[in-house]
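Every number for a ligand or one of its atoms is a count from 1 in the order of the listing.
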Amino acid sequence: MGKATDDLRHEHEVILSVLDIADDIMNSAKSEEIKLKYCNEVLYFLSTFTDKCHHGKEDAYLFPTLVLKGVPDNDGVIAILMHEHVLGRTMVQNMREDIEKKDLVSLQEHFGEYSIFVRRHLHKENNVLFPLSDKLLKQEDQDELIEDYEIHEESIVGHGIHDQIIKMIDTWLIEFEIKA
Ligand SMILES: [Fe+2]
Ligand SMILES: [Fe+2]
């Protein structure tokens, strides 16, 4: 059935490409109004796809499965990554407040910090968490996780939301003439 970790690796690629697009929006949007509009959509992506969908799969399924395999949850890699998910949520909330206040200077600063923070988080998972998971999980564990992720996408994220988000990213690519 494949590997559940590959699903998460693929989502990392999507998140990284959106961070690149968001950098471009921050630097090349022609007016404050346009910047606010797209940043609002980027925040929707970050809270729905990155947090609810992706971090949700890690928090609710991958980490508990690894704990059952003997990886400690109170210190070490799982504790660090779970804490970073919480920090990321707070950072997105700060950016949401910047948008409400139309404070683009603060938004740019917060986005820059968030972008570096998330890139480091994903790097850590790609290089430490996923290799560890692939070593500890048997094929049947990976199969079970894939099923859990499908249920998570339908019940927690919502039916059709994933496709809607991919369409939104395509629109950004066209409107900002960014090569996919
Ligand atoms: Fe994560
Ligand atoms: Fe991740």
Exercise for the section: Answer yes if the ring centres of F117 and H110 are under 6.0 angstrom apart, and no otherwise. Expected result: no
Practice task
Calculate the angle formed at the Fe ion (ligand 1) by OE2 in E125 and NE2 in H85; 10° precision is enough.
Solution key: 120°
Practice task
Would you check if the side chain of D141 reaches a backbone N or O of K138 as a donor-acceptor pair within less than 3.5 Å?
Solution key: yes
Practice task
Please check if the distance between the ring centroids of H121 and H55 is under 6.0 Å.
Solution key: yes
Practice task
Using the six-membered ring wherever Trp is involved, compare the ring planes of F111 and Y114 and label them parallel, tilted or perpendicular (cut-offs 30° and 60°).
Solution key: tilted
Practice task
Compute the angle centred on the Fe ion (ligand 2) spanning OE2 of E58 and NE2 of H54, and express it rounded to 10 degrees.
Solution key: 90°
Handout entry: the Fe ion (ligand 2) contact by H121, N, O or S atom under 2.8 Å
Key = no
